[in-house]
Amino acid sequence: MLTFEETNAIGQILDSTWGKGGSGLGSVTHSMQGDMLVLKYQCIVTFASERSLSSQTGRLAEESSTLLGKVVTELKKQFKEKTGNALKLKESLNKDSVELVSATSVNPRKIAYYRRFVEFKVEN
């Protein structure tokens with residue numbers, strides 16, 4: 001179980017509010033529930049047609065996985081610097097989804113939210 005200081009360090013490292021920069025590629029948020037750390041990636045995408053939905057979704061899945069991997073790597077590095085302890089995370093859930101926001105039968109253009117949720121069990 002994490003100490004209060006370690007939990008606080010994770011929150012400070014992952015905080016992207018109050019003028020701290022984001023990736024610009026989408027939004028990454030986090031939450032902690034006990035010893036579970038949840039990272040959420042979200043972006044708005046426009047699909048030009050029904051055929052581009054599958055190809056763009058594959059690209060988005062790859063980009064979101066890469067970005068979340070970088071977030072985890074940076075989190076572990078900064079956690080070690082702040083606390084002197086290594087952060088051990090075990091991935092327990094990794095899923096993505098596409099939610100259509102705007103779609104009509106007349107216009108082939110579709111607007112959607114792409115989301116990826118990754119849940120880790122903290123094993124410190």
Side-chain angles (χ1 to χ4, degrees):
M1 193 73 179
L2 293 173
T3 66
F4 173 77
E5 289 79 16
E6 291 172 330
T7 303
N8 193 34
I10 290 173
Q12 288 177 350
I13 294 165
L14 292 175
D15 182 25
S16 62
T17 61
W18 297 101
K20 294 184 179 181
S23 66
L25 301 173
S27 166
V28 176
T29 58
H30 72 284
S31 63
M32 289 207 62
Q33 299 142 4
D35 62 348
M36 300 303 288
L37 171 65
V38 179
L39 296 178
K40 300 171 193 166
Y41 171 86
Q42 178 174 291
C43 69
I44 298 174
V45 292
T46 302
F47 297 108
S49 68
E50 211 48 56
R51 288 186 301 258
S52 69
L53 180 70
S54 62
S55 64
Q56 281 184 272
T57 302
R59 184 181 51 80
L60 289 166
E62 185 178 317
E63 286 177 5
S64 63
S65 293
T66 301
L67 180 62
L68 289 171
K70 288 178 183 179
V71 168
V72 169
T73 301
E74 189 63 25
L75 170 63
K76 288 180 175 183
K77 177 183 161 205
Q78 289 186 28
F79 185 85
K80 178 78 170 172
E81 292 171 2
K82 277 187 176 248
T83 65
N85 300 324
L87 181 63
K88 298 174 192 138
L89 301 173
K90 182 178 181 183
E91 187 176 301
S92 59
L93 177 71
N94 189 338
K95 65 179 184 175
D96 65 345
S97 66
V98 177
E99 176 188 348
L100 286 177
V101 178
S102 172
T104 65
S105 59
V106 179
N107 188 352
R109 183 175 152 234
K110 296 168 182 18
I111 300 172
Y113 284 115
Y114 175 83
R115 294 183 177 106
R116 176 170 296 278
F117 300 89
V118 183
E119 189 174 272
F120 297 95
K121 179 167 177 48
V122 180
E123 298 182 337
N124 279 29

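Note that the structure is a prediction, hence the values are computed from the model and not measured. The first residue in the sequence is number 1, and the count goes up from there.
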Would you mind reporting whether Arg115 and Phe117 have side-chain heavy atoms less than 4.5 Å apart? yes
Could you check whether atom CD of Glu81 has more than 12 heavy atoms from other residues, nucleotides or ligands sitting under 6.0 Å from it? yes
From Phe79 atom CZ to Leu2 atom CG, the distance as rounded to the nearest 0.5 Å: 6.0 Å
Just to verify, what does Glu91 make a side chain to side chain donor-acceptor pair (under 3.5 Å) with, not counting sequence neighbours? Asn94
Applying side chain to side chain donor-acceptor pair (under 3.5 Å), can you list everything that pairs with Arg109, at least two apart in sequence or on another chain? none
Kindly say whether Lys80 contributes a backbone atom to a donor-acceptor pair with the side chain of Thr83 at under 3.5 angstrom? no
Going from OG1 on Thr66 to OH on Tyr41, what distance comes out if it is rounded to the nearest 0.5 angstrom? 10.0 Å
Gap between atom CZ of Arg116 and atom CD of Glu63 - 0.5 Å precision: 11.0 Å
Quick check for you: to the nearest 0.5 Å, what is the distance between Ile13 atom CD1 and Lys82 atom NZ? 5.5 Å
Could you list who else is in Tyr113's hydrophobic cluster, with ILVMFWY side chains joined at under 4.5 Å, directly or through other members? Ile44, Val101, Ile111
Roughly how far, to the nearest 0.5 Å, is OG1 of Thr29 from CG of Asp15? 11.5 Å
Any side-chain heavy-atom pair from Cys43 and Leu60 closer than 4.5 angstrom? yes
Gap between atom OG1 of Thr57 and atom OH of Tyr114 - 0.5 Å precision: 7.5 Å
Residues two or more places apart in sequence or in another chain: which of them pass side chain to side chain donor-acceptor pair (under 3.5 Å) with Asn85? Glu6
Would you please name every residue forming a side chain to side chain donor-acceptor pair (under 3.5 Å) with Lys76, sequence neighbours left out? none
Can you list the residues that meet the salt bridge (Lys or Arg N to Asp or Glu O under 4.0 Å) rule with Lys121, with sequence neighbours excluded? Asp35
Which of Thr7, Asn8, Leu14 passes side-chain contact (heavy atoms from CB on, under 4.5 Å) with Ile10? Answer is Leu14
When hydrophobic residues are tied together by side-chain contacts of less than 4.5 Å, even through go-betweens, does Met32 share a cluster with Val38? no
Would you sort out whether Leu75 and Leu37 count as a side chain to side chain contact (heavy atoms under 4.5 Å, CB included), showing the intermediate values? CA-CA 12 Å; Leu75 170 63; Leu37 171 65; 3.8 Å; yes
Does any non-hydrogen side-chain atom of Ser92 lie less than 4.5 Å from one of Met36? yes
